[in-house]
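Just so it is clear: chains get the letters A, B, ... in the order the sequence lines come, proteins before strands, and each one is counted from 1.
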Amino acid sequence: MLSREDNELLTRVGRGTPMGATMRRYWIPALLARELPEPDCPPVRVKLLGEDLVAFRDTQGRIGLVDELCPHRRASLFFGRNEECGLRCVYHGWKFDVTGRCVDMMNEQESTQFKDKISITSYPTLELGDMIWAYLGPAEHAPAPPRFAWTQVPVTHRQVSKVIQETNWLQGLEGGVDTSHAPILHRLITTNSSRPGFKPTNPFVRGKAPVIELDTTDYGYQYAGVRPLDEASLHVRTYHLILPFHQIRPSQTDRGNPLVAGHMWVPMDDETTMVYNWEYSPTDEPLNDEDRHEIERRLGNGPHDVDQETFRSLRNRQNNYLLDRKVQKTESFTGIDGINTQDRAIQESMGAVVDRSREHLGPADRAVIQARRLLLEAVRTTMDGGTPRGVAPTYYTLSAGEAVLPRGANWRELPAHDAARLSATPR
Amino acid sequence: MLSREDNELLTRVGRGTPMGATMRRYWIPALLARELPEPDCPPVRVKLLGEDLVAFRDTQGRIGLVDELCPHRRASLFFGRNEECGLRCVYHGWKFDVTGRCVDMMNEQESTQFKDKISITSYPTLELGDMIWAYLGPAEHAPAPPRFAWTQVPVTHRQVSKVIQETNWLQGLEGGVDTSHAPILHRLITTNSSRPGFKPTNPFVRGKAPVIELDTTDYGYQYAGVRPLDEASLHVRTYHLILPFHQIRPSQTDRGNPLVAGHMWVPMDDETTMVYNWEYSPTDEPLNDEDRHEIERRLGNGPHDVDQETFRSLRNRQNNYLLDRKVQKTESFTGIDGINTQDRAIQESMGAVVDRSREHLGPADRAVIQARRLLLEAVRTTMDGGTPRGVAPTYYTLSAGEAVLPRGANWRELPAHDAARLSATPR
Amino acid sequence: MLSREDNELLTRVGRGTPMGATMRRYWIPALLARELPEPDCPPVRVKLLGEDLVAFRDTQGRIGLVDELCPHRRASLFFGRNEECGLRCVYHGWKFDVTGRCVDMMNEQESTQFKDKISITSYPTLELGDMIWAYLGPAEHAPAPPRFAWTQVPVTHRQVSKVIQETNWLQGLEGGVDTSHAPILHRLITTNSSRPGFKPTNPFVRGKAPVIELDTTDYGYQYAGVRPLDEASLHVRTYHLILPFHQIRPSQTDRGNPLVAGHMWVPMDDETTMVYNWEYSPTDEPLNDEDRHEIERRLGNGPHDVDQETFRSLRNRQNNYLLDRKVQKTESFTGIDGINTQDRAIQESMGAVVDRSREHLGPADRAVIQARRLLLEAVRTTMDGGTPRGVAPTYYTLSAGEAVLPRGANWRELPAHDAARLSATPR
């Protein structure tokens with residue numbers, strides 16, 4: 001449960017809001033690198049923290065991320081021409097370089113030198129891990145680059161995707177740090193199904209309700225869901241939360257190779273979130289085509305499910321996510337295909353911004369509760385002039401794992417991504 | 001004409017509003033029984049008086065009608081699993097029985113006994129007349145079951161349907177107690193047309209503008225539209241209004257058998273109404289397939305016109321109800337097919353909540369005016385702690401009739417459903 | 001730049017607003033004459049200055065323009081029957097003549113004489129130039145008929161069309177009095193393209209940024225964009241603004257015949273505008289079929305582009321106006337087809353009502369700035385009880401022209417439509 005005031009505080013991210021100011025202290029993903037595939041390619045609309053922006057890649061490959069509206073008469077630069085090292089508004093031909101400087105004005109006589117007085121808001125960007133990141137905060141506070149382990153592996157080892165969710169960002173994050181729902185919402189109810197999900201034979205599913213063991217860290221927290229399996233053994237699955245919205249969790253290919261995976265829930269505005277998804281192979285073995293296809297199908301975020309221009313899913317609220325009640329009776333817990341689609345369906349069903357003053361939380365919600373505490377603390381820290389948790393680059397090497405351990409063993413000593421240990425057990 | 005204040009008073013039905021409190025003193029239809037066809041069938045969304053609910057039929061055939069949102073984290077139970085005697089949220093596996101008790105929590109360890117502290121709002125229901133009724137009011141005021149005559153005939157004699165109307169409920173009701181519009185809006189302008197509607201030869205159409213004769217009763221009122229036909233005779237058609245939203249009127253099959261019919265205008269929210277329609281044969285003769293098909297086609301609410309999952313009509317505001325201007329010139333008064341579709345078209349054209357302070361009412365609107373008076377009185381009675389008109393079960397045997405009578409005859413002595421007398425006259 | 005207050009003042013046009021009162025002092029186009037093609041044809045919805053109206057042509061060919069909602073119970077007269085010299089509401093059969101008088105009431109007994117007390121708001125209309133014009137202002141201020149030159153040429157010489165734009169009216173007008181954007185937004189970037197637009201060889205495009213030379217007049221202003229072409233010559237293009245929303249500009253057929261053209265930006269409500277377009281041949285030569293087809297295709301407002309019932313364009317915000325990025329790279333500046341579609345795309349991209357307090361205007365925006373000044377003055381004049389500029393019929397003979405002139409020549413001495421001089425130059 002959260003007071004209405006704190007709920008507002010955590011969920012509002014526009015310019016001038018406390019959480020908005022906090023979010024603007026971090027590098028945040030603005031788009032997939034492949035959305036700007038080459039120099040002088042078409043500009044792309046980007047909505048970030050309630051701000052309407054346009055991104056373009058200039059002739060030299062540099063990224064520009066600028067206000068959508070031209071400062072002249074406020075026409076949209078989305079309709080602009082990406083020309084020789086600048087984005088030109090088609091209404092009157094004002095042209096801006098990636099730094100936001102106005103470098104040409106077709107409608108005015110050169111003698112006016114009017115253009116030298118004009119610039120457009122522009123944000124610094126960097127490319128890392130197949131994504132373009134932006135920093136929307138005060139220049140003097142620009143943090144170190146977001147060099148997560150997943151951003152540093154070769155492109156052959158990594159898969160990324162994104163999809164729009166019609167809720168506030170926090171609803172997504174809370175699902176991501178809530179291990180207790182995963183073997184329920186995402187379970188298969190028969191071993192015969194070829195649909196994505198956790199099979200009944202998987203120890204993650206066979207285990208009882210979890211105890212949440214959580215260590216707060218300087219970037220957020222690490223926690224494990226510890227599930228009694230039988231008298232002798234436990235199932236353990238570890239996660240990280242890096243503020244403001246990064247999750248890291250264990251994963252696995254169909255052929256049993258370990259993966260590390262995660263989400264980022266990036267606020268487009270208060271009621272819309274771009275969910276970024278990544279998975280990578282932490283071993284020497286790259287992802288092959290089958291692995292990639294399987295990841296797409298498993299999450300439900302590949303090009304067959306999500307329009308790769310609008311990033312809207314074909315399975316959406318209007319069609320009840322193509323819920324099949326017969327499949328729900330006989331194959332999967334939800335009757336909806338795609339792990340992340342299941343998350344999205346249930347989180348959108350809570351409304352755009354869930355009323356957290358009317359919840360009833362229990363011990364299994366401990367990681368959710370602690371996430372809110374740390375976020376509230378980050379807001380206070382920022383408001384007090386400090387640097388919130390998760391800005392300092394202490395998270396570069398984090399990974400996550402999953403294992404069946406003998407009772408009494410300490411999961412904190414587990415090799416970081418230990419899914420290999422599970423590869424012999426049925427999924 | 002109604003003051004703005006009284007218009008607000010009568011049209012707002014959410015929890016906490018005076019009319020909302022009044023409506024909650026009656027049994028109201030929540031869904032068609034066939035929407036929950038068998039034990040453990042899929043749950044169904046129900047919107048009633050501004051409340052978002054989910055209905056399900058459990059393993060033993062009992063009906064549950066509960067809040068849509070799970071009390072845990074407020075995910076929608078529409079996505080839930082209808083399992084062994086309970087509806088289970090798919091997010092964390094909380095399960096509720098038809099009384100709203102939480103009977104299982106998959107995500108929490110059993111030792112917590114957390115579930116014993118949890119319940120969900122649940123409303124009493126009953127099945128009657130192929131419908132599932134709900135009572136959303138204070139338990140101590142629960143009224144007698146709504147045993148209308150039409151609910152008590154064998155299923156072989158009755159036909160029910162429903163359709164969503166995009167207006168406040170009162171706009172529908174006012175059309176339903178307004179005999180003066182019926183032979184105008186619903187008339188055919190040629191005897192050759194096979195479209196539904198009142199033919200020019202029908203005495204209902206041939207009669208002049210009606211005098212409204214109205215008797216207030218303990219359940220609402222009975223009234224008749226009395227139309228001069230010629231020097232010797234009158235056409236009379238009787239109706240009942242049972243508070244808060246029940247209409248009873250005479251009807252007839254194509255082959256001339258008498259029927260009794262009616263509507264209920266059930267508020268989904270202030271701007272959306274579920275229109276329930278029923279007709280039954282009051283004689284020994286059941287409805288045959290042709291009768292049923294004809295009723296569907298006549299009202300425009302059968303499965304060819306109204307989607308039987310969403311209950312949205314294919315003829316709607318977006319497509320001007322498929323208005324055919326050529327048909328309007330040559331066959332029917334409106335050019336729109338379906339008696340009830342014509343009502344819906346014209347009532348939706350008035351806006352979601354019509355501004356009754358700008359009306360100009362005449363003598364022909366007397367039944368409309370009296371309906372408002374009785375509804376305002378019902379609100380005051382409820383607010384004063386009393387029991388509003390129409391709660392006490394004094395309406396169980398009401399019927400309605402239509403006849404051509406000699407001038408001077410008393411329609412109040414007419415056998416209740418006297419449409420048979422008209423079967424020899426052209427329709 | 002405009003203060004927020006002045007921006008509100010100029011853009012709000014509903015009844016009771018200062019600009020609304022000012023607009024109501026002029027004849028304004030309500031619909032195309034062809035929308036009411038014959039006596040007793042179907043009525044048509046008209047939205048004008050925020051008012052919902054219905055237009056009909058009665059049995060004698062007279063135009064009625066009345067409130068959409070029947071004064072009885074406020075049903076829409078759009079669904080009405082256009083009968084013998086009157087529009088009849090289908091709900092209760094109330095019938096109104098073109099003056100708004102209630103001439104029949106089917107639901108009331110004649111003896112009541114109730115109808116004599118009832119009328120509906122009705123506005124005077126006139127037909128001129130293939131359009132139906134309305135006057136929504138005080139009767140005592142009704143101005144002379146809007147006899148623009150374009151309304152007075154034979155129908156063989158004129159082409160009219162209309163399309164809905166999802167912005168406030170002023171955004172459209174400002175584009176229309178802004179010569180500086182025309183050879184930028186509408187330019188072709190290759191001479192090989194057969195798409196509509198100004199070719200690179202056209203002196204309008206070859207000229208440098210314009211100097212705006214503007215003469216304020218008793219109807220608004222005349223201005224010219226004067227563009228240096230080379231040491232010896234200038235390109236000049238003249239325009240008129242007649243208050244409140246008339247533009248006149250030069251045009252030309254593909255075969256080089258001169259045309260005069262213009263737009264009117266008629267507010268439907270504060271956020272929606274009906275853009276009326278007209279072109280005519282000012283010479284003895286009528287428009288032939290090819291000319292007409294070419295005008296349709298050039299503007300993008302013909303029946304292949306704009307639905308002729310709803311007047312919505314197939315190229316719209318939802319589909320990014322079918323923007324083709326490849327065409328934008330190689331053929332046209334925008335990649336969008338249709339001159340007026342390009343205007344609409346860019347003006348809609350500014351939002352429904354652009355925030356003019358955040359603009360940065362330069363010398364090239366002089367005509368835009370002066371238009372706002374004159375409109376603000378017209379509002380003040382009206383509020384002070386005077387007659388605003390443009391009401392008096394001083395604009396009947398205005399035309400516009402375009403020419404290449406020797407430096408030093410005076411464009412004010414140019415024959416009014418001098419496009420013929422350009423016919424020898426490449427377009």
Side-chain angles (χ1 to χ4, degrees), chain A residues 1-2 167 171 174-175 178-187 189 205 207-212 225-228 317-321 323-326 328-330 332-336 342-351 353-366 368, chain B residues 35-45 52-54 56-57 59 67-84 87-96 100-102 104-121 307 309-310 312:
Chain A
M1 207 201 107
L2 210 59
T167 72
Q171 245 146 285
E174 289 176 345
D178 165 29
T179 193
S180 89
H181 85 273
I184 299 171
L185 183 68
H186 305 309
R187 91 167 42 178
I189 55 180
V205 171
K208 291 189 191 304
V211 174
I212 307 296
V226 180
R227 288 175 165 82
R317 194 190 337 218
Q318 279 65 46
N319 59 25
N320 287 327
Y321 312 90
L323 163 57
D324 183 326
R325 292 289 189 183
K326 197 172 156 216
Q328 187 177 31
K329 274 272 187 226
T330 59
S332 72
F333 211 65
T334 57
I336 295 169
Q342 293 159 2
D343 289 319
R344 189 162 46 80
I346 208 70
Q347 289 162 11
E348 289 182 348
S349 85
M350 301 155 78
V353 181
V354 67
D355 182 355
R356 291 179 176 79
S357 73
R358 301 181 66 184
E359 296 173 328
H360 293 80
L361 301 184
D365 300 303
R366 192 177 153 202
V368 171
Chain B
E35 293 181 75
L36 295 177
E38 61 190 19
D40 292 340
C41 61
V44 170
R45 287 187 184 102
D52 290 309
L53 307 171
V54 168
F56 65 105
R57 193 183 291 270
T59 313
D67 258 0
E68 183 187 350
L69 301 185
C70 176
H72 176 216
R73 297 265 306 280
R74 303 183 67 70
S76 172
L77 290 166
F78 167 75
F79 292 100
R81 300 176 61 80
N82 192 358
E83 297 185 344
E84 179 61 34
L87 184 63
R88 191 187 289 281
C89 180
V90 294
Y91 203 1
H92 298 89
W94 291 21
K95 180 173 165 180
F96 301 92
R101 227 162 36 96
C102 182
D104 193 34
M105 275 185 183
M106 287 172 74
N107 71 323
E108 293 286 359
Q109 299 168 75
E110 281 185 38
S111 58
T112 62
Q113 299 185 301
F114 182 30
K115 77 174 163 55
D116 300 340
K117 298 175 202 150
I118 299 293
S119 66
I120 191 169
T121 298
D307 181 300
E309 275 208 25
T310 62
R312 298 269 171 194

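- With a 4.5 Å cut-off on non-hydrogen atoms, A/Ile212 does not touch chain B at all.
- Looking at heavy atoms from C-beta onward, A/Gln342 lies out of side-chain contact with A/Phe333 at the 4.5 angstrom threshold.
- Ranked by heavy-atom pairs under 4.5 Å with chain B, the list A/Pro363, A/Gly351, A/Ser180 is led by A/Pro363.
- The choice from A/His181, A/His360, A/Glu348, A/Gln347 that makes the most heavy-atom pairs within less than 4.5 Å of chain B is A/His360.
- Per-residue heavy-atom pair counts under 4.5 Å with chain B were compared for A/Ile336, A/Asp365, A/Ile184, and the maximum is reached by A/Ile184.
- Contacts between A/Leu361 and chain B at a heavy-atom distance below 4.5 Å involve backbone atoms as well as side-chain atoms.
- Here B/Arg312 pairs with B/Ile164, B/Glu166, B/Thr310 under the side chain to side chain contact (heavy atoms under 4.5 Å, CB included) rule; sequence neighbours left out.
- For chain B, the option among A/Val211, A/Val368, A/Asn320, A/Asp355 with the highest count of heavy-atom pairs below 4.5 Å is A/Asn320.
- The backbone N or O of B/Ser76 lies less than 3.5 Å from a partner atom in the side chain of A/Ser349, making a donor-acceptor pair.
- Heavy-atom pairs under 4.5 Å with chain B peak, among A/Arg325, A/His186, A/Met1, at A/Arg325.
- To the nearest 0.5 Å, atoms CD (B/Glu35) and CD (B/Glu309) are separated by 9.5 Å.
- By the ring-ring contact (aromatic ring centres under 6.0 Å, His included) test, B/His92 is found to be paired with B/His72, residues two or more places apart in sequence or in another chain being considered.
- Looking at A/Arg356, neither its backbone nor its side chain comes within 4.5 Å of chain B, counting heavy atoms on both sides.
- Between chain A and the residues B/Met106, B/Lys117, B/Glu83, the largest count of heavy-atom pairs under 4.5 Å involves B/Met106.
- Of the charged side-chain nitrogens involved, at least one lies within less than 4.0 Å of a carboxylate oxygen, so that B/Arg88 and B/Asp104 count as a salt-bridged pair.
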